[in-house]
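Numbers here simply count residues along the sequence, with the first being 1. All values reported here derive from a predicted model rather than from experimental measurement. Counting starts at 1 for both ligands and their atoms, following the listed order.
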Amino acid sequence: MENKKLLEIKKSLDKDLTGNYDNKTLNDLKIKYLGKKGLITELNSEIKNVLNEEKKAFGMKVNELRNEFNDFYEKKRKELELEELNLKLEKEAIDISLPSTKVSMGAPHILEKVIEEIEDVFLSMGYDVVDGPEVEEDRYNFELLNIPKGHPARDAQDTFYIDGEEILLRSQTSPVQVRTMLKGEGKVPIRMICPGKTYRRDDDDASHSHQFMQIEGLLVDKDISLSDLKGTMNVLFRRLFGSNIETRFRPSYYQFTEPSVEVDITCVNCSGKGCGVCKHTGWLTVVGAGVVHPNVLRNSGYDPSVWSGFAFGFGAERLAMMKYDINDIRTFYNTDLREVKTFDREDEE
Ligand code: DAH
């Protein structure tokens, strides 16, 4: 069977299907052969000019041409797709050798770190870490701690009153002692520390801040004495500052303890040799403490003829200042992140 048109198209196909195409020319080619008026499509109307006995063979030839074109078209289209993908991957490739953008990481505040360290020491000795309100009632902050109205000790703790004389910002964390005992309902042992914010009407300077952190401690059980306090202080300060730290007790006076003491530790700056930091005494005063006053036990529901306890309280900033060699308490409340970060780095070295 010979058909001129068929032969012409076959020839044209052979020529066209060898070139290199982009998407546009490939689609133009599809229109050229298979479009509504495409060369292969038009062969369908040619069939009427074909002899009856050759119609079948002619139809098959047309199909062959169509398949040939479609195969070529599909193959090319896939090749182009792959090419495009490769190009895109190449363009979007990530150079892992380039330096990355610096992400600034957050870190715990140094004061918080010291407090956590202290908490860990006491947790390991079986203490609970408890909380109490910063807006406090006069009776917890003073009255039940054996500091009656008009007592001069109240002046020393120059207080922020909120509502008349009854509601105030706590001037110490000691009220949490009373709250914990009242909650304990006479049960023993009580072992707690309470880190928390306290407030006093002080003018801010290098060593004073109207808001500061205290850590209160209380232990109540049978036959508790000053020597238990001594042992506990030794554990705390050796864990914080090293095993060669010594403690010494000096008599003092607080309304809620009897006897009362000040706890000194070996100067962490000169190891006790004497320097400017310890005013050449070799010692630093860090804690107020004592044996819980019978009135305080009684006020809190514990019979002082059966139970006894020790209590202590200290400023967290002061310890953190020693640990990080900071000489201005305002550093902790400065919002300049660069300063906080400086200490972070020192800590990692
Ligand atoms: N609350 C005292 C203050 O702010 C510190 C203190 C002294 C706490 C003796 C105590 C203690 O628990 O027993 O100065």
Undergrad: For ligand 1, what N or O to protein N or O distances fall under 3.5 Å?
TA:
unit_1   : atom_1 : unit_2 : atom_2 : d
ligand 1 : 1 (N)  : Gln172 : OE1    : 2.7
ligand 1 : 1 (N)  : Ser174 : OG     : 3.0
ligand 1 : 4 (O)  : Arg200 : NH2    : 2.7
ligand 1 : 4 (O)  : Gln214 : NE2    : 2.7
ligand 1 : 12 (O) : Gln177 : NE2    : 2.9
ligand 1 : 12 (O) : Glu216 : OE2    : 2.6
ligand 1 : 12 (O) : Phe312 : N      : 3.3
ligand 1 : 12 (O) : Phe312 : O      : 3.2
ligand 1 : 13 (O) : Ala311 : O      : 3.2

Undergrad: Salt bridge check: are Glu42 and Lys5 linked by an N-O gap of less than 4.0 Å?
TA: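 A salt bridge is absent here (no side-chain N lies under 4.0 Å from a carboxylate O).
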Undergrad: With rounding to the nearest 0.5 Å, note down the distance linking CD in Glu317 to CG in Asp328.
TA: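 So the gap between those two atoms works out to 11.5 Å.
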Undergrad: Under 3.5 Å, is there a donor-acceptor pair linking the side chains of Thr266 and Glu246?
TA: no
Undergrad: Can you check whether Phe237 and Phe312 have ring centres sitting under 6.0 Å from each other?
TA: no
Undergrad: Validate the cation-pi geometry between Lys30 and Tyr73: distance from NZ or CZ to the six-membered ring centre under 6.0 Å, angle to the ring axis within 45°.
TA: yes
Undergrad: Report the C-alpha separation of Thr159 and Phe142 in whole Å, then their side-chain angles, then the decisive distance to 0.1 Å, and conclude whether the side-chain contact (heavy atoms from CB on, under 4.5 Å) test is met.
TA: CA-CA 11 Å; Thr159 311; Phe142 291 125; 3.5 Å; yes
